[in-house]
Amino acid sequence: IVRPTKTRAGERTVRLASVALEALRTELAWQQEASKAVRDWHPEGWVFTNYKGAPLDPNNVSRDFRTLCRKAGVRPLPFHALRHSAVSLQIAAGVPVEVISKRIGHKKISITLDIYGHLLPDADKEAAEKLDEFLASRKAPPDA
């Protein structure tokens with residue numbers, strides 16, 4: 001199904017990790033070779049395609065993802081769960097929630113916090129520690 005994003009925030013440019021860029025380059029190289037070999041190649045320019053260049057069938061993507069999960073010994077999840085996994089990994093890596101919110105296309109940071117706020121259990125502790133550090137570095141002189 002091709003349709004516009006829900007909000008303008010959904011239309012964005014996102015910098016990808018180098019491992020993702022390499023995977024996309026590999027996919028593009030495969031498509032360029034396949035397009036030469038397949039007579040009725042679809043030239044629409046989809047990022048991920050079937051063997052004829054047409055868009056992937058969502059049911060096939062879901063089925064293949066479940067199969068890959070089982071082979072990897074991971075509990076099969078819906079394909080959309082990858083989005084949540086990506087957010088969780090970014091939170092664990094310390095990426096600021098404001099940045100994550102923009103990367104995933106949420107219109108407001110409050111949406112991101114409502115959905116993923118439970119993944120920030122140490123945020124309150126870290127905030128108190130940072131405030132302590134800040135105040136300690138600005139102590140008034142003893143004679144003040």
Side-chain angles (χ1 to χ4, degrees), residues 1-36 41-144:
I1 299 171
V2 178
R3 62 178 173 236
T5 57
K6 290 189 270 186
T7 67
R8 294 193 95 195
E11 297 174 21
R12 63 209 179 274
T13 299
V14 179
R15 187 176 302 263
L16 298 175
S18 58
V19 66
L21 288 172
E22 188 55 38
L24 288 171
R25 286 185 188 107
T26 300
E27 179 68 13
L28 179 60
W30 173 84
Q31 286 185 12
Q32 289 170 338
E33 287 302 310
S35 69
K36 295 174 193 170
W41 182 263
H42 293 256
E44 290 88 7
W46 295 95
V47 175
F48 299 103
T49 66
N50 66 14
Y51 67 98
K52 289 186 172 186
L56 295 173
D57 180 310
N59 293 321
N60 292 341
V61 171
S62 295
R63 184 196 63 235
D64 292 347
F65 182 64
R66 283 191 303 273
T67 300
L68 289 170
C69 286
R70 283 190 203 98
K71 286 182 178 179
V74 176
R75 178 174 51 103
L77 296 169
F79 186 74
H80 184 75
L82 290 175
R83 174 180 168 89
H84 299 297
S85 297
V87 171
S88 301
L89 290 171
Q90 290 176 80
I91 288 171
V95 176
V97 178
E98 308 84 53
V99 174
I100 296 170
S101 184
K102 285 187 173 113
R103 288 176 58 87
I104 63 175
H106 284 163
K107 187 175 182 178
K108 296 186 231 173
I109 189 174
S110 60
I111 296 169
T112 309
L113 289 170
D114 285 347
I115 298 169
Y116 299 103
H118 68 283
L119 298 176
L120 301 165
D122 296 328
D124 189 46
K125 179 182 171 213
E126 289 175 23
E129 289 170 356
K130 287 183 180 187
L131 184 57
D132 280 343
E133 290 171 18
F134 176 79
L135 294 173
S137 70
R138 284 155 177 75
K139 283 188 177 174
D143 59 339

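Just so it is clear, the structure is predicted and the values come from calculations on it, not from any experiment. The first residue of the sequence shown is numbered 1, and numbering continues consecutively from there. Heavy-atom basis, side chains included; hydrogens, waters and symmetry copies ignored.
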Next on the checklist: Looking at Arg103 and Thr13, would you say the former's side chain and the latter's main chain have a donor-acceptor pair under 3.5 Å?
Outcome noted: no
Item to check | Heavy-atom side-chain proximity of Leu82 to Phe65 below 4.5 angstrom | outcome: yes
Checklist entry - Within the distance-only criterion (no hydrogens, no angle test), does the side chain of Gln90 pair as donor or acceptor with the backbone N or O of Ala86 below 3.5 angstrom? => result yes
Checklist entry - Where does the angle between the aromatic ring planes of Tyr116 and His84 fall among parallel (under 30°), tilted (30 to 60°) and perpendicular (over 60°)? => result tilted
Next on the checklist: Between Arg12 and Ile104 (side chain of the first, backbone of the second, donor and acceptor by atom type, cut-off under 3.5 Å), is there such a pair?
Outcome noted: yes
Checklist entry - What distance do Leu56 atom CG and Asn50 atom CG have between them, rounded to the nearest 0.5 Å? => result 6.5 Å
Checklist entry - Would you say the side-chain atoms of Thr67 pair up with the backbone N or O of Arg63, donor to acceptor, closer than 3.5 Å? => result yes
Checklist outcome for this item: In this structure, CD of Glu11 is separated from OG1 of Thr5 (nearest 0.5 Å) by 4.0 Å
Next on the checklist: Tell me if a side-chain donor or acceptor on Gln31 pairs with a main-chain N or O of Val47 at a distance below 3.5 Å.
Outcome noted: yes
Checklist entry - Hey, is the main chain of Trp46 close enough, under 3.5 Å, to the side chain of Thr49 for a donor-acceptor pair? => result no
Item to check | Inter-residue atom distance Ile111.CD1 - Thr7.OG1, 0.5 Å rounding | outcome: 7.5 Å
Next on the checklist: What I'd like to find out is whether the side chain of Val87 reaches to under 4.5 Å of the side chain of Ile91, using heavy atoms alone.
Outcome noted: yes
Checklist entry - Nearest heavy-atom pair of Trp41 and Tyr51: which atoms, and what distance? => result CZ3-O, 3.4 Å
Item to check | Main-chain N/O of Gln32 paired to Ser35 side chain as donor or acceptor, under 3.5 Å | outcome: yes
Checklist entry - OG/Ser88 to CZ/Arg83 distance, rounded to the nearest 0.5 angstrom? => result 11.5 Å
Checklist entry - Is there a side chain to side chain contact (heavy atoms under 4.5 Å, CB included) between Arg138 and Phe134 once you walk through the steps? => result CA-CA 7 Å; Arg138 284 155 177 75; Phe134 176 79; 3.2 Å; yes
Checklist entry - Roughly how far, to the nearest 0.5 Å, is CD of Glu98 from CG of Leu113? => result 8.0 Å
Checklist entry - Between Lys125 and Glu129, does at least one N-O distance fall below 4.0 Å, as a salt bridge requires? => result yes
Checklist entry - From Ser62 OG over to Asp57 CG, what is the distance, rounded to the nearest 0.5 angstrom? => result 9.0 Å
Checklist entry - With no hydrogens and no angle check, is any side-chain donor or acceptor of Arg70 less than 3.5 Å from a backbone partner on Pro76? => result no
Checklist entry - For Leu131 and Leu135, what are the C-alpha separation, side-chain angles and deciding distance, and is it a side chain to side chain contact (heavy atoms under 4.5 Å, CB included)? => result CA-CA 6 Å; Leu131 184 57; Leu135 294 173; 4.0 Å; yes
